[in-house]
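Below, chains carry the letters A, B, ... as their sequence lines are ordered, and counting in each starts from 1.
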Number of protein chains: 2
Amino acid sequence: MQPKRNTWQREAVRATLAEAHGFVSAQQLHQSLRDGGSTIGLATVYRNLAGLVETGEADSLQSPEGENLFRSCATQGHHHHLICRSCGDTRELSATVVEEWTQRVGAEHGFSEIEHVVDLFGLCARCRAARSA
Amino acid sequence: MQPKRNTWQREAVRATLAEAHGFVSAQQLHQSLRDGGSTIGLATVYRNLAGLVETGEADSLQSPEGENLFRSCATQGHHHHLICRSCGDTRELSATVVEEWTQRVGAEHGFSEIEHVVDLFGLCARCRAARSA
DNA sequence: CGTTATAGTGATAGCCGTTCTCATTTAGAA
DNA sequence: TTCTAAATGAGAACGGCTATCACTATAACG
């Protein structure tokens, strides 16, 4: 276990991430902080985000454009997301079915160290209503 | 409909992609072509790959590292992939379990038009053996 | 308290995949 | 053959991210 010091930068990243409504990019987060008067560096934002992901305090996923997005995580442990492609609203999902399936399929093909990307994008009820209005 | 001309470059990309065993990056494909004596440019490889994806002749997905990978598509219609992160060898999967799960979860949360990204990355038997040797 | 070792920081350079630019080439129609 | 614009290719540019390294400040210890 590496030593971890408490810095105001780490806390600032944590706080700003928590304030964000959905998934945010590291750069957006950095900009928010700078806009708020912080002198925090971009590299530090990246480092702390990576740290938060490692400890399970934050989630990360790739946007379809290949950018890494982050979100402060409510649920501990492994889980997936259902994301509204219109408003970005996110639901956290746990999916035993999927976990079992990945393991089984991996084993059947002789693959090990299975990593899986399972994210659902859809249109939430509110956005669907708004669109048809 | 935009005009499409037939160039030897397009055909070369198609052919080399078909020869590849699994998912390949644009850069790898370009390198293969150059190694084979072709004078094709990198930008052209990118352009033609994008074109093939658009017409459904090729699949594309993001690796966990954020790189775009391409593959000439055997199965028509919706399917998933199990990909060796070392050699790129790929198995196409159909997964009724997963399809059902996505629909159910979407409905439970009032989401519609569910799109899902489900791709598995692992280490195939051959690469695992090679690594421990 | 003050001292001190070192984890953490921040500016910036660098890396890597991808896209853009633009002069040149060439497919395909006339 | 002639013509025109789609397509090409070399390299510049771009954007996200990581590495570097001198400096700062946390927190353990005296």
Student: For A/His30, check ring-ring contact (aromatic ring centres under 6.0 Å, His included) against everything at least two apart and list the hits.
Tutor: none
Student: Run the numbers on A/Leu49 and A/Asn68 for side chain to side chain contact (heavy atoms under 4.5 Å, CB included), then give the verdict.
Tutor: CA-CA 10 Å; A/Leu49 281 173; A/Asn68 266 94; over 6 Å; no
Student: Could you check how far CG of B/Leu49 sits from C1' of D/dA7, rounded to whole Å?
Tutor: 15 Å
Student: Hey, does the side chain of B/Tyr46 come within less than 4.0 Å of C/dT18's phosphate (OP1/OP2), counting only N and O?
Tutor: yes
Student: Rounded off to whole Å, could you give me the NE2-to-P distance for the A/His30 and C/dT12 pair?
Tutor: 12 Å
Student: Applying ring pair (Phe, Tyr, Trp, His ring centres under 6.0 Å) as the test, list every pair that has at least one member in residues 94-124 of chain B; sequence neighbours left out.
Tutor: B/His78-B/His116, B/His80-B/His116
Student: May I have the distance from B/Leu29 (atom CG) to C/dG17 (atom P), rounded to whole angstrom?
Tutor: 14 Å
Student: How close or far is atom C1' of C/dG17 from atom CD of B/Gln28, stated in whole angstroms?
Tutor: 12 Å
Student: To the nearest Å, give me how far apart CG (B/Asn48) and C1' (D/dT8) are.
Tutor: 9 Å
Student: Within a reach of under 6.0 Å around CZ of A/Arg34, are more than 12 heavy atoms found that belong to other residues, nucleotides or ligands?
Tutor: yes
Student: I need the CG-C1' distance between B/Leu69 and C/dC16, as an integer number of Å.
Tutor: 14 Å
Student: Across the strands shown, which category fits B/Leu42 at heavy-atom distances under 4.0 angstrom: base, sugar-phosphate, nothing?
Tutor: base
Student: Is A/Ser25 touching bases, backbone alone, or none of the nucleic acid, heavy atoms closer than 4.0 Å?
Tutor: nothing
Student: Can you tell whether the side chains of B/Arg71 and B/Glu92 come within less than 4.0 Å, N to carboxylate O?
Tutor: yes
Student: I need the CD-P distance between A/Glu67 and C/dG17, as an integer number of Å.
Tutor: 18 Å
Student: In whole Å, I'd like the distance from the CZ atom of A/Arg10 to the C1' atom of C/dA7.
Tutor: 10 Å
Student: Distance check, rounded to the nearest 0.5 Å: B/Arg85 atom CZ versus A/Glu115 atom CD?
Tutor: 5.0 Å
Student: Under 3.5 Å, is there a donor-acceptor pair linking the side chains of B/Thr55 and B/Glu57?
Tutor: yes
Student: Base contacts versus sugar-phosphate-only contacts with protein, heavy atoms under 4.0 Å: please encode nucleotides 19-30 of chain D as B, S and - from 5' to 3'.
Tutor: B-----BBS---
